[in-house]
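Taking it in order: structure first as structure tokens, then the write-up.
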Amino acid sequence: MELQTALNDLKKLQLEMHAYGAAQSSLYLDGATVGPRGGAAARGQAMGILSEKSYQLFVCDKTRELLAYLKEQDAQLDPVQRRQVELLSRDLEQVERIPVDEYAAYAQLQNDSENAWHEAKENNDYASFRPYLDKVLEFNRRFAGYKDAGKPAYDCLLDDYERGMSTATLDPFFETLKKTLVPLVKEVKDRPIDDSFLFSTFDEPRQAKLAAEMMQVMGLTPDFCALGTTEHPFTLGFNRYDVRITTHYYEHALPFSLYSVIHEGGHALYEHGIADEYQYTSLADAASMGLHESQSRFYENIIGRSRAFVEGVVYPAATRLYPDELKGVTPEMLYRAVNKAQPSLIRTEADELTYCLHIMIRYELEKQLVAGTLSTADLPGAWNQMYKDMLGIVPPDDKQGVLQDMHWSGGMIGYFPTYALGSAYGAQFLHVMSSELDVDALAGKGELTPITAWLREHIHRHGHRYDPAELIQRVCGEPFNPKYYTDYLTRKMTEVYGL
Ligand code: ZN
């Protein structure tokens, strides 16, 4: 093999994989947005075939030989080519360490287990889901063993979602959060904030206008970013010039679409910012799930819920669009309302202060489930006890308790911590950014361009060039440190609640 031929093959392989991915994503997006229900089976069939083809394209002798040859030529590759080979080899290894028959059995189980979860949640019947959860856990323990039998299984699973992450980092991280957040939650609990004016009636057309205005403020233009509506909001990046975000309009909850658009918009800006030279390669991706979430939460909470942005941008837009509905509401009232923090049962509806406690509960429980120190029979009780200890409330049933999230049913064990990490990374980035930019002054004027340019320069443009720990070190000049996040939340809650 010649080096040039091999490099051409590498490029072609990545282009073809991107094409299959884009076709699958298009079908998925279509089904989630405007595709009629009648076409679901046909879309599913087409997606299945595309997934099989892309698997065969990637997991084969040709790819194996190509990557092995390029690794041998390591000295002649430039850093970007070397990284492409590294990331693809990593992916291939991940797929190949699982025997083919187990891979297929697991795919079937994931499908059955998700269906069982849907039904169990609807009927508030944890017992019917429990056997599936046991099997999912068993598979995940075994897969972790294939990856690295010398490492605790849960650490192997964490590493799948956040490269390099382990309980050695997460245990002290969550301990620090707990020490700060639990007392803060207790303090704010008896200081109610009135946010009822955000839950009267807000017609959808004007909510859509508000969403469009927020996208414009964020520099998301319809030429490169389209907004659709789905049951649950998400972001899908085809390439940096074509990113889709979705939201859901609730007539009786103005903040939902407003803040979900800003959140998904943050994800979209990351996709937009990845360098041209990385497009259609394994580098055209975020550094990690946690890093992606750091960008969405940065815009949603750190910018979007800041006093400056709420008073300077959200308030004028919202009161102009809904003058009657928001009559008598002051900028201060709106600021406090969108930052209201209260213990609640449902993770996806939790506020900025309590959100990470929901994650911490899941982290503790899944760690014990994987280690085998907690049985699935005792899981609902353990769940309820932790809600009582951390948030002071107890779910009245499993539907609002242990059955609320679909992650575990689909085999995503070790994923939850990335949400909390994302929030904490964002606060650390804010600390560094603030030494160069007057973030509040810019946010107050709705001038987000310098803020996005900063994030693009330091984070977005690199795509997956670096793993999370290295990227954070480069951006911040120090390793990940949760102190910035607890400081940020303490400052914020002190201000919102006048503590
Ligand atoms: Zn997100």
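For the numbers below, each heavy atom of this structure counts, side chains included, while hydrogens, waters and symmetry mates do not. Counting starts at 1 for both ligands and their atoms, following the listed order. Count residues from 1 along the sequence.
At least one N, O or S atom of Glu293, from either the backbone or the side chain, sits less than 2.8 Å from the Zn ion (ligand 1). Inclusion of His267 in the first shell of the Zn ion (ligand 1) is supported: an N, O or S atom falls under 2.8 Å.
Taking the six-membered ring for Trp and thresholds of 30 and 60 degrees, Phe256 and His248 have ring planes more than 60 degrees apart, a perpendicular arrangement. In this pair, Tyr106 and Phe139 present their aromatic rings tilted. The plane angle is within the 30 to 60° band.
Between Phe202 and Tyr322, the distance from one ring center to the other falls under 6.0 angstrom.
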Start with the C-alpha distance between Asp351 and Thr354, add both sets of side-chain angles, then the distance that settles side-chain hydrogen bond (donor to acceptor under 3.5 Å, both in side chains), and finish with yes or no. CA-CA 6 Å; Asp351 53 77; Thr354 58; 3.1 Å; yes

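When the Zn ion (ligand 1) is compared with the N/O/S atoms of His263, atom NE2 turns out nearest.
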